[in-house]
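In what follows, a structure is listed as structure tokens, so that the remarks can point back to it.
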Protein chains: 2
Amino acid sequence: MPMSDSGNTDILIDISTAILRAHEGELQFRALEDAGESAKRLPFGPFMPHRHRTMEISLRQWVREQVGVDLAHVEQLYTFADQGRYRSGESDERHVVSVGYLALARAEDAGGGAWDNLYRHFPWEDWRTGRPDVLDAVILPALDNWLGRHDHAAERVRLAFGRNEAQWDEEFVLERYELLYQAGLIEEAVRDGRITSPPQEALGAPMQLDHRRILATALGRLRGKLKYRPVLFDLMPDRFTLRALQETTELVIGTSLHKQNFRRLVEKSGFVEATGETSRTRGRPAELFRFRHGNRADRPLAGLRVSGGRKTGRTS
Amino acid sequence: MPMSDSGNTDILIDISTAILRAHEGELQFRALEDAGESAKRLPFGPFMPHRHRTMEISLRQWVREQVGVDLAHVEQLYTFADQGRYRSGESDERHVVSVGYLALARAEDAGGGAWDNLYRHFPWEDWRTGRPDVLDAVILPALDNWLGRHDHAAERVRLAFGRNEAQWDEEFVLERYELLYQAGLIEEAVRDGRITSPPQEALGAPMQLDHRRILATALGRLRGKLKYRPVLFDLMPDRFTLRALQETTELVIGTSLHKQNFRRLVEKSGFVEATGETSRTRGRPAELFRFRHGNRADRPLAGLRVSGGRKTGRTS
DNA sequence: ACAATTATGCTCAAAGTGAGTATAAATAAG
DNA sequence: CTTATTTATACTCACTTTGAGCATAATTGT
């Protein structure tokens, strides 16, 4: 980075955004298709500092106008300057630094356009109906094989994938993705020329550039943030049943929760208030709740501290 | 950010780093002085993408060579493109985007150079000897006065500063700093021309540019991270007593902890193992511990879940 | 020898949490 | 219209975690 600057460094800053919503039982993100490209991509565009005061403001405006989505929550994820990669098919030789953003939208504000099921790109992250088969059938054996040649990574694999004594931690989405990438089990690794042998079997649908990595970062961040900030409500409509809130939570953290305890947790948290109205569906009607605090921006702290089943086998 | 690009956007990327260590009972950061400038600054330098593969690698190398510190932990904080500010005293008109980093060093690896007490810049964040006087004497009255003209921010103030029912949350360092800045109680706000009336009394020592904001981000992030990742040990020497570990923890989170419970917490966590050796100081000798896992990088998950006193007065 | 100081062990009550059982209120089926 | 099915909600209970303190141990300083 430093030392005496030698020459001109033409840098282009891209902003890439993972826009998520909960819709029809899926955790979805806004995905764009390019002609002649099978892999999809996230919405992104150049940052032009002389036009916009802050990245977040310009991002919101641009997403509303160009992508047709009204964003509820916007959060900067990470600035990737790693690869020293150039934007492909570009005539000039500028270095691209990409700033990744996570954005949440309510299904109502999300307009038309194409949305993709996030877990289609991360099948090993969805534990709602139990441990995904692909883990034991494909991923762990392949990682073991890779570890034969790279055993220094054994501990990382143990922790990220919850083997032996370790627990599966749903927040380690990025760690898992990067291990799979390094082990060459991810199509992007082949495309980037990091690995010569093609993956034995596609692990999740690939995406352009490093967009799947940005998605992994986004999912991991969101799963973590849930627990200490009420971001969940930025995925919910104005009124919702506790059941709907629980389903959205489960979508995000990728596990299923105990209904009665979830109710206790939410009620105790003070984040919601009953409206008096009820919803009519199949069984007994459910009370409709709304998020407390009308004032956006002025968000309370804390989050939901959701957690899966009891942890047995402590590594004391 | 987007739409059709019109012309040349010359962007300069700076990397600014908050390097922290725990030393002589203080939480310190590496501070540089410039001739003719009373306010200090963080180490920073331009990012040159054609020279370095990743920002983190180049940062480590640059800090070792130029600042003389061996970094234990490095973590990207945030990319600030807000102000649309230009670097002062520069002939060219490039926009500066600054990427902030948090770095931790062990006191042993921290070489010479000037280190500053972090809490000198954030006196309201140090609660180790009780609630800081400046809060009730200066900050809250001044904020109340400001709220008279800006009452929309009342809820933010309530949450950030733990008034009424709300708890003081030690992680909200940045929120507090930004409120103080907006309220014009911070010298930097005057310097940036955001406010005309000078602050009645200097609240903490000012710094150049937005470096105090980066420090606030760093402190808040570190305080949060402690709880779910064992970063604390990147501030500790190889062998340490539990007392020393507790003191470092208290330095970071800015509150004091119950000794016996801290011991229980740490022992149960499995992060440390006894070495058999003991330290000799004043009273009874203490057992020396070391961090488990020789392998750097291969860090366990989880953190310490430290917490201050019991929370009373729940907002149910 | 004794006071002061620091470390460590242990107890106890309150709060939190995982995992149920029980009951209520609706719709769908017969 | 009676009953099965479905969903919502209430409550219990054992176990764990946590805040707070008392008690004891092993040093140094006087």
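Remember, it's a predicted structure, so these values are computed and weren't measured experimentally.
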To the nearest Å, give me how far apart NE2 (B/His258) and P (D/dT18) are.
-> 14 Å
Sequence neighbours excluded, the answer for side chain to side chain donor-acceptor pair (under 3.5 Å) partners of A/Asp144 is A/Arg163
Verify the contact: side-chain N or O of A/Lys259 to OP1 or OP2 of D/dA8, cut-off strictly under 4.0 Å; return yes or no.
-> yes
Which pairs of donor and acceptor atoms, one on a side chain in residues 111-118 of chain B, lie under 3.5 Å apart (sequence neighbours left out)?
unit_1	atom_1	unit_2	atom_2	d
B/Trp115	NE1	B/Gly112	O	3.2
B/Asp116	OD1	B/Lys40	NZ	3.1
B/Asp116	OD2	B/Arg120	NH2	2.9
B/Asp116	OD2	B/His121	NE2	2.9
B/Asn117	OD1	B/Tyr119	N	3.0
B/Asn117	ND2	B/Glu26	OE2	3.3

Output all residues satisfying side chain to side chain donor-acceptor pair (under 3.5 Å) with A/Glu287, sequence neighbours left out; order by chain, then residue number.
-> none
Expressed in angstrom and rounded to an integer, what is the separation of B/Phe262 atom CZ from C/dG9 atom P?
-> 15 Å
Say you draw a straight line from CG of B/Leu27 to CD1 of B/Ile253; how long is it, rounded to the nearest 0.5 Å?
-> 11.5 Å
B/Asn261 CG to C/dT11 P, straight-line distance once rounded to whole Å | 15 Å
Rounded to the nearest Å, what distance is computed from the CG atom of residue A/Leu288 to the P atom of nucleotide D/dA8?
-> 11 Å
Quick one: list whatever passes salt bridge (Lys or Arg N to Asp or Glu O under 4.0 Å) with A/Glu171, sequence neighbours left out.
-> A/Lys227
Is the base of C/dG9 touched by the side chain of B/Arg264 through a donor-acceptor pair closer than 3.5 angstrom?
-> no
Pairing residues for B/Glu75 by the side chain to side chain donor-acceptor pair (under 3.5 Å) criterion, not counting sequence neighbours | B/His73, B/Arg221, B/Lys225
A/Lys268 NZ to C/dG18 P, straight-line distance once rounded to whole Å | 10 Å
Roughly, in whole Å, what's the span from CD in B/Gln167 to P in D/dG19?
-> 12 Å
Base of C/dT21 paired with side chain of A/Gln260 (donor-acceptor, under 3.5 Å) = yes
Sugar-phosphate or base contact per nucleotide [nucleotides 25-30 of chain C; S, B, -; heavy atom under 4.0 Å] = BBS---
In whole angstroms, how far is the C1' atom of D/dA20 from the CG atom of B/Leu265?
-> 15 Å
